[in-house]
Every structure is written in C-alpha cells, then in structure tokens.
There are 2 protein chains.
Amino acid sequence: MSNLDQIAKLAGFSKATVSRVLNKSPHVSQETRSKILKIMQELDYVPNRNAISLSKGQTLQIGIITSTINEIVLAFLNSFVEVAGQYEFQTIIYTSGEDKKKELQAFEDLKRKRVDALVIISCVNDTDLLSTYCKYGPIVSWQRMDHTDIRSVAMDQYEGYMLALKHLIQKGYTRIANAFGRPSSINTHSRQRAYAYIMEQHNLPVLQHWNQSSIYNIRDGEQVVRDLLQYRDEFPQAILCSNDYVAVGILCEARRQLLSVPEDLAIVGFDNTELSHTMGITTVQNPIEAQAQNAFYMLSPQLVGRQMELQPLQYSLIERTTT
Amino acid sequence: MSNLDQIAKLAGFSKATVSRVLNKSPHVSQETRSKILKIMQELDYVPNRNAISLSKGQTLQIGIITSTINEIVLAFLNSFVEVAGQYEFQTIIYTSGEDKKKELQAFEDLKRKRVDALVIISCVNDTDLLSTYCKYGPIVSWQRMDHTDIRSVAMDQYEGYMLALKHLIQKGYTRIANAFGRPSSINTHSRQRAYAYIMEQHNLPVLQHWNQSSIYNIRDGEQVVRDLLQYRDEFPQAILCSNDYVAVGILCEARRQLLSVPEDLAIVGFDNTELSHTMGITTVQNPIEAQAQNAFYMLSPQLVGRQMELQPLQYSLIERTTT
DNA sequence: TTGAAAGCGGTACCAC
DNA sequence: GTGGTACCGCTTTCAA
C-alpha cells in the first residue's frame with residue numbers, strides 16, 4: 001500500500017502539496033495537480049482513513065444504540081443510515097441486549113473518539129450517568145428521556161394514544177384494555193395518562209387486568225389474549241397495543257381462539273408498519289422515518305456545523321378492519 | 001482530553017511504560033502499574049481508538065453490506081453483530097439501495113482501512129470487480145456468489161426447496177406455483193432446478209405463469225395472488241415462496257379474496273421466521289443465525305488468527321396449517 | 001503556489 | 001522493568 005509520502009516523492013512535491021490535492025484546495029497549480037493525480041492513479045492510491053480521523057479528530061462515524069434490532073427499530077435504522085450517509089457519515093450498531101456494561105461501551109467509544117456522535121434507540125443505563133458523556137460529543141435519543149441534557153426526537157405518545165382511544169369510544173367500545181410496553185418508560189406513562197383521562201371523562205370501567213405491561217412483540221401479544229381469556233366474564237371489547245407487532249400477535253391468537261375481530265375483540269396497533277397494512281390492522285400512524293431524520297438534524301450543528309430544520313411530526317389514525 | 005504523554009509525565013515514567021500498563025504487559029512492576037493506573041483514573045483517561053487503529057493497522061470494525069435492512073436481513077444482522085461483538089469487533093452498516101457506486105464505497109473502505117473485513121449480505125456490483133478487493137482484507141458473502149475468491153456461507157437452496165416440493169407432493173398437491181426472488185440469483189436457479197426435476201419426475205404440469213420472479217416482500221406476495229387469480233381456470237393448488245414474508249402477503253391476500261387456505265391454496269414459506277410461526281405458515285427452516293456466525297468464523301483466521309470450526313447447517317420442513 | 005515541520009495519540013523495537 | 005525513539009499516515013500552520 002502506498003502512502004502520501006511515496007506519492008510526494010514520486011511526484012517531486014511535498015506531502016503538503018499532495019494533501020492539498022487530496023482535499024481539493026484551490027492553491028495548487030493545474031499542472032501540479034494533474035501530475036500528482038496521475039501518480040495517485042498509477043499507484044492505485046487511496047488515503048488511509050484512520051490517519052485522517054486521528055489527524056482531524058473526527059471519524060465521520062455515528063454510533064446507534066439499541067438493545068436488539070427488531071422490526072420496530074428497522075424503519076428508524078434504515079432511515080437514519082440513509083440520511084447520515086447523505087452527509088458522509090457512517091453508522092455503527094451497538095446492540096446491548098439490555099446489558100448495562102455492554103451499552104456503556106458505546107458511550108466510551110464516544111469518549112475514545114471512535115464515533116463522533118451517538119443516537120440512542122433504547123437504553124437501560126441511568127440517564128444521569130449517560131448524560132455525563134454529553135461533553136464528549138452530541139447525543140440524541142429516540143426513546144424519550146427524563147433528562148434535559150439528552151434531547152429526544154420522539155413525540156409525546158399521549159397525543160397518539162388519545163387518537164386511538166377517541167376512535168374506539170366513538171365506535172361504541174367501552175371496555176378497553178391496554179397492552180403497554182416497558183412499564184417504566186415515559187411512553188407508557190403518557191399512554192396511561194391518556195387512558196385514565198379518557199376513561200374518567202366518559203365514566204368507563206377500568207379493570208386491573210386490562211392493563212398489561214412489558215408487552216413488546218408478537219409472542220407477548222399472543223400471550224395477552226390467553227391471559228385475558230382467563231377472565232371470561234371480564235373480557236374487554238377492545239385492546240390498544242404498544243406497537244403493531246403486538247397487535248399482530250393478538251390478532252392471530254384471537255383468531256385461533258375463534259374470536260372474531262372486531263366483533264368479539266377490536267384491536268388497535270401503533271406505528272403503522274407495513275405489516276399492519278397487510279393484515280388490515282387499525283393503527284396510529286407514527287412518523288418514524290421523519291424522527292430518524294430529525295435525529296440526524298439535531299446532531300448536525302455539532303457534526304457539520306449547520307443548523308437544520310426539523311420536520312414537523314404528527315400522528316394520525318389509520319382505520320382498517322380490526323375496529 | 002488527556003493523552004499518553006500527559007499520563008507518562010505526571011507519573012514520572014515514559015510513554016512506553018504507560019503503554020505497557022494499558023496493554024496489560026507483565027513486564028511492569030506492581031507499584032509502577034498501580035501508580036500509573038491511579039493517575040489514569042484521576043484524569044479520566046481513555047486511549048484514543050483512532051491512534052490505536054492507525055498504529056496497529058487494524059480497526060476492529062467489520063463492514064456489512066446490504067441493499068436495505070429488511071426483516072429477512074434482520075436475523076442475520078443481529079446474529080452477526082452479536083458474534084462479532086464477542087470478539088471485540090464492531091459492525092458498520094453499508095446500505096447501497098442497489099446503487100453500485102454507493103456499494104463500492106464499502107469496498108473502498110476496506111482498502112482505506114476503515115474496516116478490517118467485509119460481509120456481503122447482498123450486492124449488485126460485478127463479482128469480478130468485487131473480488132479485486134480481496135487483497136485488502138477478508139470478504140465473505142451470505143448471498144451465494146459465482147466467484148471462487150469470495151466464499152459464501154449460504155447453503156444450496158436446492159436441498160431446502162426439495163423438502164418443500166416433496167412435502168407438497170406427498171400431501172397430494174400437483175398444481176404447484178413458485179414465487180421466486182431475484183431472477184438472476186443462484187438461489188433462484190437452484191430452486192428452479194429442484195422444481196424442474198421434481199415436476200418432471202412426477203410428470204406434473206408446469207404453467208408459465210406459475211413461475212413468478214422478483215417477488216421479495218409482503219406487498220409483492222399480495223400482488224402474486226391477484227395476478228394468479230386472473231387465470232381462474234389455471235389457478236394453482238399450492239405456492240412456494242421465496243421467503244416467509246412473501247408467504248404472509250399471499251396468505252393475507254388469499255383470505256381477503258375469500259380463498260381458504262390450504263383447501264383452495266396451500267402456501268409454503270421459507271426461512272422459518274417468527275412471523276411464520278405466529279401465522280401458522282408451513283415453511284422451510286433455514287438456519288440463518290448459524291450462517292451469520294459462520295460468516296464471522298470464516299473471517300476469523302485473518303481477523304483473530306484463529307481457525308474456527310464452522311457449524312453444520314441443515315434445512316428441515318416445519319409443517320403448520322397452510323399445507 | 002509550495003515546502004518544512006510539528007502535530008494527532010498511540011505501538012513496538014532496541015537498548016540498558 | 002524501564003526508557004528512547006522511530007514509526008503509523010495524514011493535516012495544518014508558518015514561512016518562503
């Protein structure tokens with residue numbers, strides 16, 4: 001492998017001049033430039049990115065942290081990789097598997113200058129601890145954070161959940177259950193607030209086993225149906241899900257249990273993923289791609305020195321056949 | 001940010017000794033070590049990864065190339081990130097969006113020493129061109145390659161497809177259609193060979209419109225059903241799919257069209273993903289996780305200087321309710 | 001327009 | 001066990 005020095009020697013110029021050519025500096029004469037370019041071509045030269053990173057103190061790499069890559073994360077990840085790539089930034093995946101130590105390595109890598117910035121999709125460490133890393137580079141989060149140092153691109157799911165609740169009530173459903181996600185998450189709290197508010201406002205019943213938590217995926221959704229069926233007399237008319245995959249699980253299991261949807265059980269998903277469309281699940285449209293792009297835009301002032309305008313975000317209800 | 005030099009000065013030792021402490025060299029006295037470690041702690045010192053990479057000529061980063069991150073890729077990606085992480089390697093995503101230039105950047109990054117190795121999930125460039133990059137580092141592929149320089153971890157889908165075909169025939173289905181993926185791919189060719197062989201052996205009919213290509217995802221699957229319905233009289237009894245997502249699309253659309261499954265149409269997926277389980281789709285179990293792990297193991301001789309034993313791979317048929 | 005040289009922050013070989 | 005020092009390969013300031 002050839003390096004700058006060799007190119008410089010062969011061309012009869014200094015490293016500085018060769019570097020100028022590489023960086024398209026205007027302060028190089030035309031003939032010098034073409035002579036150097038020719039030699040680079042001949043030697044099949046490409047600059048070493050580690051050397052550049054070390055010298056510039058910038059890697060053009062962004063770390064993205066998630067416990068695991070699942071279907072929900074997919075849309076965000078794709079969209080983020082895409083927009084970051086447009087600005088020459090690469091994306092490194094850090095999967096923690098909910099392990100605090102492993103997750104922390106991503107933050108250490110920010111400190112160690114392996115990445116220029118971090119995006120949190122989900123994290124398990126204490127936010128007070130994580131925010132101490134802000135001094136090493138910009139950090140944004142998709143997951144809502146209870147800490148002011150780390151900004152979040154997510155929307156308040158209170159609004160989205162309200163849409164779903166109002167839709168159900170308007171349709172005449174009164175016995176409404178919830179399949180929440182992480183019990184301690186801000187999203188879950190928002191949803192619980194919306195639920196409590198609406199239920200009280202309409203003077204509707206709230207049973208304890210209608211509030212299930214830690215329901216994340218298809219399998220969990222299937223289990224929810226089986227659990228609810230144990231209380232035959234208190235079976236809900238409708239169920240709101242933490243995401244579309246949970247809704248899919250509930251729908252499939254409901255059918256297996258010979259419940260007809262939406263007559264015996266109405267289902268509302270969340271996110272409006274491809275799958276909810278295919279399976280005809282009523283859901284709340286969540287602009288995930290836009291949030292991923294906003295994540296990059298929020299980093300951009302420190303990354304590319306330019307403030308970028310965030311896209312407006314809005315929920316909407318997509319009515320399909322499960323309500 | 002502090003660096004080696006500062007630590008050395010403050011501790012009253014040389015950079016070399018500090019470096020030894022960092023790298024856990026045994027040739028440092030206990031008190032020197034603890035003294036240096038104490039100072040590192042006080043200054044909150046961590047070594048700069050770019051400097052290490054430059055000096056060692058190794059980044060501990062592996063690039064993974066795919067046109068887009070979809071559900072099929074998910075299992076592979078998760079598994080690969082996991083196993084690579086166990087050996088301290090990080091994974092960088094390169095999504096090409098089928099753009100040859102963009103895809104080539106990943107290979108240039110191998111040359112430029114941004115990554116130590118590459119894993120191809122899918123690629124669009126000419127394999128002759130890509131194999132010229134082998135001299136810069138190890139490259140393996142999940143997608144089957146027609147080039148000997150780049151080894152593939154994938155299995156020959158001929159075997160898997162045979163399982164599915166034999167299953168259908170044993171069940172008494174004779175009018176069998178195919179939803180193939182990329183027309184030019186080696187996998188598709190393997191499947192076509194298996195199909196042709198079985199059909200001829202059993203003297204079964206083969207209609208041209210029973211062989212659909214470029215069917216990749218749920219939407220494509222839905223479309224397949226609508227297309228096939230145009231030939232009412234020549235509607236197949238069963239259909240084999242390029243993957244489980246196509247099968248899901250076909251299943252959902254078939255139900256919407258009031259076809260009963262498997263009576264009017266039997267469906268066999270491929271891969272045995274979570275979703276096929278949930279929806280009760282008969283499928284071919286494809287050990288994707290093991291292939292991802294093997295991908296790392298195939299890189300390992302050049303990456304960690306150790307030959308690792310590849311896991312044996314085997315297809316099996318998972319019979320569920322769609323056949 | 002060009003060059004010399006001092007970084008960037010480590011590693012690793014060779015002395016002692 | 002420890003230190004001196006030449007790398008690794010590129011950027012950037014200052015002079016000329």
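Since the structure is predicted, the reported quantities are computational estimates derived from the model, not experimental observations. Chain letters run A, B, ... following the sequence lines, proteins first and then strands; every chain starts at 1.
- Using a 4.0 Å heavy-atom criterion, one finds that A:S29 contacts the sugar-phosphate atoms exclusively.
- Considering only the side chain of B:K56, C:dT11 comes nearest among C:dT11, D:dG3, C:dT2.
- A salt bridge does not link B:E108 to B:K101: none of the charged nitrogens lies less than 4.0 Å from a carboxylate oxygen.
- Among the nucleotides C:dG9, C:dT2, D:dT2, the one closest to the side chain of B:N3 is C:dG9.
- Heavy atoms of B:V46 sit under 4.0 angstrom from primed sugar atoms or phosphate atoms, though from no base atom.
- Listed nucleotides: D:dT11, D:dG3, C:dG3. Nearest to the side chain of A:S19: D:dT11.
- Between A:T32 and B:P47, the residue whose closest nucleotide on DNA chain C is further toward the 5' end is A:T32.
- Nucleic acid contact class of B:N23 (heavy atoms, under 4.0 Å, all strands): sugar-phosphate only.
- In this structure, the nucleotide among C:dT2, D:dT2, D:dC10 sitting nearest to the side chain of B:V28 is D:dT2.
- Nucleic acid contact class of A:I52 (heavy atoms, under 4.0 Å, all strands): sugar-phosphate only.
- Using the six-membered ring where Trp is involved, A:Y133 and A:F107 have ring planes that are tilted, between 30° and 60° apart.
- For A:N50 and D:dC10, the shortest distance from a side-chain N or O to OP1 or OP2 is not below 4.0 Å.
- A:Q90 is listed as a side-chain neighbour of B:R114, based on a closest heavy-atom distance under 4.5 Å.
- Within 4.0 Å of A:S53, counting heavy atoms only, lies no atom of the nucleic acid at all.
- No hydrogens or angles were tested; on distance alone, a donor-acceptor pair under 3.5 Å links the side chain of A:R20 to the base of C:dG3.
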